[in-house]
Amino acid sequence: MKLDRISYLTLGFVLGVALVLALLNQMTALGSALHVPTYVLALAGKYLCFAMLALAVDLVWGFAGILSLGHAAFFALGGYAMGMYLMRQIGTRGVYGNPNLPDFMVFLGWKELPWYWYGFDWFGFAMLMAVVVPGLLAAVFGWLAFRSRVTGVYLSIITQALTYALLLAFFRNDMGFGGNNGMTDFKDILGFNVQADSTRSALLVISALLLCGQFLLARFVVASRFGKMLIAVRDTESRTRFLGYRPESYKLVVWVLSAVMAGIGGALYVPQVGIINPSEFAPGNSIEAVIWVAVGGRGTLVGAILGAILVNFGKTWFTGALPEVWLYALGAMFIFVTLFLPRGVMGLFRARTSKEPEPEAPEVAAAHEVTG
Amino acid sequence: MIERDTLLYLDGVTVSFDGFRALNALSLRLNEGEMRAVIGPNGAGKTTMMDVITGKTRPDSGQVVFGKDTDLTKLDEPKIASLGIGRKFQKPTVFEPHTVWDNLLLALAGDRSPRFSLFARETAAEKRQIESILETTRLTDQRYRRSADLSHGQKQWLEIGMLLAQEPQLLLVDEPVAGMTDAETEQTAVLLREINQTRSVVVVEHDMAFVRALGVKVTVLHEGSVLSEGSIDFVSDDPKVIEVYLGR
């Protein structure tokens with residue numbers, strides 16, 4: 001697998017900024033001009049987790065043509081798995097001091113832990129669930145949808161319905177996931193204080209590493225023969241059947257992989273923002289993720305990462321400076337990108353940097369030399 | 001003449017869409033190694049016939065038997081394709097963002113599972129096969145071009161090349177020369193005859209000059225059934241055919 005210059009730059013940027021922020025936070029004194037406050041680490045970590053979600057969306061939308069308007073559901077499920085682990089770590093330090101039950105269960109008058117909370121006090125199990133639960137849900141959903149040849153806008157609508165249904169379900173107190181309030185007030189992760197500067201620095205760097213890992217994995221997938229087939233499925237699905245391919249199984253594989261990637265993003269998101277509640281399932285979140293990808297450049301992977309970081313950076317700035325304008329700005333940006341930058345920020349970048357009339361040709365030629 | 005084995009046998013195939021009979025008790029027999037031209041006016045059921053053979057449309061009644069005893073009406077498109085039936089569409093449908101080379105690579109016969117394709121590397125045998133198909137379809141110079149940038153005729157050939165890469169026993173070719181220049185049409189006839197040396201071919205075509213150039217047995221369809229069958233001279237002198245084509 002060969003990476004292009006933009007990929008190297010992006011990987012370097014993500015890792016470099018994360019490391020510099022973490023080091024400046026750890027190595028400088030509180031009053032120093034170079035000191036990076038902890039809230040900045042949390043913000044940067046949040047952007048990187050969103051970038052994982054965007055990468056997951058781009059993988060299915062950009063390469064397999066599945067416009068998911070419910071991808072934040074997988075992100076939130078990963079987040080809930082991490083949230084459950086963090087709740088179990090609180091132990092007797094909760095308001096009610098109950099060693100066996102999280103506060104909200106004591107409040108509801110529950111006497112014992114529901115069976116589906118078993119095992120979540122063990123980090124390894126919780127992290128396994130952060131990928132297994134989104135993956136399993138995606139597998140069942142995808143198997144039903146793709147096998148029935150549901151595509152296009154119909155598929156988008158049912159993905160939206162999926163996340164909305166989960167939103168309503170997680171709102172219910174008797175689901176046992178904290179209802180409306182969700183889970184918060186976390187204390188420890190693997191024995192380290194979640195609020196501590198050092199833990200925040202470590203989480204940021206881990207997020208950067210996992211994002212880069214996900215990017216490399218996604219690159220491997222789209223550069224493989226599998227990825228070429230995905231693009232073929234995206235553009236002319238019925239034609240692939242007459243070549244003997246089963247497009248539904250290709251879509252299912254990439255769909256499940258994408259859900260797992262989103263779940264990992266969600267699991268890292270929760271300790272850094274300190275809360276998980278049903279609003280993460282809100283349909284608007286999934287739509288925003290699609291906008292990040294569109295802004296960055298659909299079908300480029302790098303664009304998804306840049307788009308997520310750029311738009312969320314803008315969101316942080318706007319909601320601080322001009323809170324009432326943000327939604328208009330987001331809408332205007334989406335319209336602007338759709339009209340004038342159909343290939344997103346990446347399209348702009350590619351047009352400016354590449355001198356060759358046909359960027360594919362030398363790359364393919366090189367690929368043939370390498371594999372030969 | 002030696003009696004050859006039957007490769008494809010349609011028996012009393014009927015397909016209706018909302019009461020309209022696209023195929024009406026159509027029966028047709030194709031021998032192994034044969035090339036057959038299928039002609040007929042618009043709405044005669046040519047494309048529906050291809051849809052039935054390739055599993056896109058299920059017939060209301062009738063049998064479609066491939067080889068010795070495979071009933072195609074029970075199978076779906078990927079299964080039928082992997083049995084060795086390739087199809088070229090009327091409008092050339094190639095994978096436009098991919099290069100000519102990659103289009104052929106994806107079409108090559110082999111394991112179609114996602115697991116295999118994730119880790120597949122191009123083998124020397126695959127390269128040789130692609131090179132030879134490029135030569136047959138006269139696309140060697142275009143191998144690294146994006147297929148979207150090919151001319152209409154080149155796209156048609158690429159799609160025929162993709163069919164060859166599938167190594168089918170039977171090729172179904174829908175209007176291969178529509179929109180081609182005279183020179184391209186001529187070359188396509190040569191190409192199809194070359195292909196027919198090793199495989200059976202069914203060509204659906206409007207262009208009578210092209211059908212004549214192929215010089216094979218012709219089946220005339222009309223309103224979903226066979227109107228006439230025989231050499232091109234025989235069918236074009238058939239009063240029933242003249243009536244359908246010229247009207248009264």
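Below, all heavy atoms of this structure are taken into account, side chains as well, without hydrogens, waters or symmetry copies.
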- F146(A) vs Y250(A), ring pair (Phe, Tyr, Trp, His ring centres under 6.0 Å): CA-CA, chis, key distance, verdict: CA-CA 10 Å; F146(A) 302 145; Y250(A) 278 72; over 10 Å; no

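Rounding to the nearest 0.5 Å gives a distance of 13.0 Å between CG of L26(B) and NZ of K46(B).
Note on ring orientation: taking the six-membered ring where Trp is involved, the planes of F220(A) and F119(B) are tilted (angle from 30° to 60°). F340(A) and F336(A) have tilted rings, their planes meeting at an angle from 30° to 60° on a 0 to 90° scale.
Contact check on R87(B) versus D51(B) returns a salt bridge, with a Lys/Arg side-chain nitrogen under 4.0 Å from an Asp/Glu carboxylate oxygen. Comment: R225(A) does not engage E122(B) in a salt bridge, judged by the lack of any side-chain N to carboxylate O separation of less than 4.0 angstrom. Between D76(B) and K79(B) there is no salt bridge, since none of the side-chain N atoms of the basic residue sits less than 4.0 Å from a carboxylate O of the acidic one.
The list of salt bridge (Lys or Arg N to Asp or Glu O under 4.0 Å) pairs with a residue in residues 296-305 of chain A, not counting sequence neighbours, is empty. Pairs engaging residues 144-154 of chain A under the salt bridge (Lys or Arg N to Asp or Glu O under 4.0 Å) rule: R149(A)-E77(B) [sequence neighbours left out].
In this structure, no portion of N103(B) lies under 4.5 Å from any heavy atom of chain A.
The residue among L230(A), T236(A), V253(A) with the most heavy atom pairs within less than 4.5 Å of chain B is T236(A). Comparing R234(A), R246(A), M229(A) by heavy-atom pairs within less than 4.5 Å of chain B, the highest count is held by R246(A).
Of all residues in residues 150-176 of chain B, those placing a non-hydrogen atom less than 4.5 angstrom from a non-hydrogen atom of chain A are E159(B), M162(B), Q166(B). Contacts between residues 191-207 of chain B and chain A, counted as heavy-atom pairs separated by less than 4.5 Å, involve no residue at all.
F116(B) does not carry R112(B) over the face of its six-membered ring by the limits of under 6.0 Å from the centre and within 45° of the normal.
Considering only heavy atoms from C-beta on, R241(A) comes within 4.5 Å of P247(A) through its side chain.
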